[in-house]
Amino acid sequence: MNFRNTLYNLRNNFIRAMQGRYIMYGFDSLSRFLFTGIVILMFANFIIRSSIVDVLELILFLYAYFRLFSKNISKRYRENELFVSYKQRLLPGIDKSKRQISQAMHYHIYKCPDCGQKIRIPRGKGKIMVRCPRCRHEFRKFS
Ligand SMILES: [Zn+2]
């Protein structure tokens with residue numbers, strides 16, 4: 001048996017073993033999420049070095065592994081669909097808080113001392129005069 005035959009046999013055995021398993025249908029969103037989570041936990045644990053994170057990483061890994069080699073394709077498929085629908089429901093909230101954080105980084109919110117109108121002022125301009133857009137009251141602020 002030469003090298004090429006050995007390789008051919010190994011490849012055939014591998015393909016036969018993979019037949020009908022979920023991994024043959026590619027990486028779905030849930031798999032990508034799980035493996036991203038594992039990588040993040042791995043790097044985080046270089047710094048934190050917590051055994052709880054170790055266990056969490058192991059659980060994620062076992063679950064991801066179990067999913068990839070599962071033969072219950074339809075169940076794995078439904079799992080992924082459920083995950084995607086949850087993700088889509090959560091995403092607007094995540095986007096919104098991201099926007100709020102970036103706003104807070106770039107702007108000060110002041111209240112007009114006269115009428116209470118909220119006014120958004122860019123940060124880092126030094127001492128400025130602010131004119132309230134509602135009542136035209138002017139006041140000095142440090143941004
Ligand atoms: Zn005002």
Side-chain angles (χ1 to χ4, degrees), residues 1-135 139-143:
M1 196 159 45
N2 62 31
F3 173 73
R4 191 169 288 273
N5 271 337
T6 312
L7 187 67
Y8 181 80
N9 285 335
L10 276 175
R11 198 189 288 147
N12 270 357
N13 286 345
F14 181 73
I15 290 171
R16 210 175 304 132
M18 290 298 107
Q19 217 79 79
R21 294 183 192 269
Y22 197 59
I23 192 171
M24 293 304 275
Y25 298 82
F27 255 51
D28 59 13
S29 294
L30 181 51
S31 292
R32 277 200 299 275
F33 174 79
L34 289 171
F35 280 104
T36 309
I38 289 165
V39 171
I40 289 170
L41 286 181
M42 250 166 61
F43 279 105
N45 222 14
F46 279 131
I47 303 159
I48 319 169
R49 294 186 186 282
S50 138
S51 48
I52 297 165
V53 178
D54 274 339
V55 172
L56 201 66
E57 201 183 304
L58 184 69
I59 291 168
L60 278 185
F61 193 79
L62 287 176
Y63 181 52
Y65 197 81
F66 156 79
R67 287 192 80 251
L68 287 180
F69 294 98
S70 167
K71 285 184 168 175
N72 196 340
I73 310 299
S74 60
K75 199 167 178 190
R76 300 290 84 78
Y77 186 79
R78 278 201 303 278
E79 235 168 43
N80 182 59
E81 283 202 315
L82 199 69
F83 168 74
V84 170
S85 79
Y86 269 118
K87 202 173 81 176
Q88 276 163 355
R89 230 175 297 163
L90 286 174
L91 269 182
I94 293 169
D95 278 353
K96 198 179 159 203
S97 47
K98 265 192 203 158
R99 263 202 312 278
Q100 280 169 345
I101 289 168
S102 110
Q103 280 237 342
M105 273 165 62
H106 296 105
Y107 296 97
H108 274 298
I109 306 290
Y110 292 121
K111 249 186 189 172
C112 170
D114 224 38
C115 71
Q117 167 76 37
K118 278 186 184 162
I119 305 163
R120 202 181 67 169
I121 305 295
R123 285 179 186 271
K125 300 267 184 229
K127 264 194 178 145
I128 47 161
M129 287 298 288
V130 180
R131 175 182 284 173
C132 171
R134 192 156 88 184
C135 69
F139 56 101
R140 194 179 290 277
K141 275 291 174 194
F142 192 84
S143 79

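Looking at R76 and E79, a side-chain N of the basic residue comes within less than 4.0 Å of a carboxylate O on the acidic one, giving a salt bridge.
At most 12 heavy atoms of other shown residues, nucleotides or ligands fall within 6.0 angstrom of atom CD1 in I52. Environment of CZ in R89: crowded, with over 12 heavy atoms of neighbouring residues, nucleotides or ligands closer than 6.0 Å. Residue-environment remark: CZ (F139) exceeds the threshold of 12 foreign heavy atoms within 6.0 Å.
Using a 3.5 Å distance cut-off with no hydrogens or angles, the side chains of S31 and D28 do pair a donor with an acceptor. For the 3.5 Å distance criterion, the side chains of R123 and H106 fail to qualify, holding no donor opposite an acceptor.
Shortest non-hydrogen contact noted between D114 and C135 is CB-SG, 3.9 Å. The heavy-atom pair separating N80 from S29 by the smallest distance is OD1-N, 3.3 Å. In plain terms, the two heavy atoms of R21 and A17 that are nearest each other are NE-O, 2.7 Å.
Interatomic distance, D54 CG to R49 CZ, rounded to the nearest 0.5 Å: 10.0 Å. Remark: I40 CD1 to N45 CG distance equals 13.0 Å, nearest 0.5 Å. Annotation: the span from R67 atom CZ to N72 atom CG amounts to 11.0 Å, rounded to 0.5 Å. With rounding to the nearest 0.5 Å, the separation of CZ in F66 from OH in Y22 is 11.5 Å. Rounded to the nearest 0.5 Å, atoms CG (L60) and CG (L56) are 5.0 Å apart. A distance of 12.5 Å separates CD1 of I94 from CZ of R99, quoted to the nearest 0.5 Å.
Put simply, the side chain of E81 does not reach to within 4.5 Å of the side chain of S85, judged on heavy atoms. Looking only at side-chain heavy atoms (C-beta outward), F83 and L34 stay at 4.5 Å or farther from each other. Between R120 and Q103 the shortest side-chain heavy-atom distance falls below 4.5 Å. Side-chain contact between F35 and F27 is present, with at least one heavy-atom pair separated by less than 4.5 Å.
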Kindly determine whether I38 and Y63 satisfy side chain to side chain contact (heavy atoms under 4.5 Å, CB included), including the steps that lead there. CA-CA 11 Å; I38 289 165; Y63 181 52; over 6 Å; no

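Formation of a donor-acceptor pair under 3.5 Å by the S143 side chain with backbone atoms of K125 is found in this model.
Relative to the six-membered ring of Y8, R11 misses at least one condition, a distance below 6.0 Å or an angle of at most 45° to the axis.
Classification of the F69-Y65 ring pair by plane angle, with boundaries at 30° and 60°, yields tilted.
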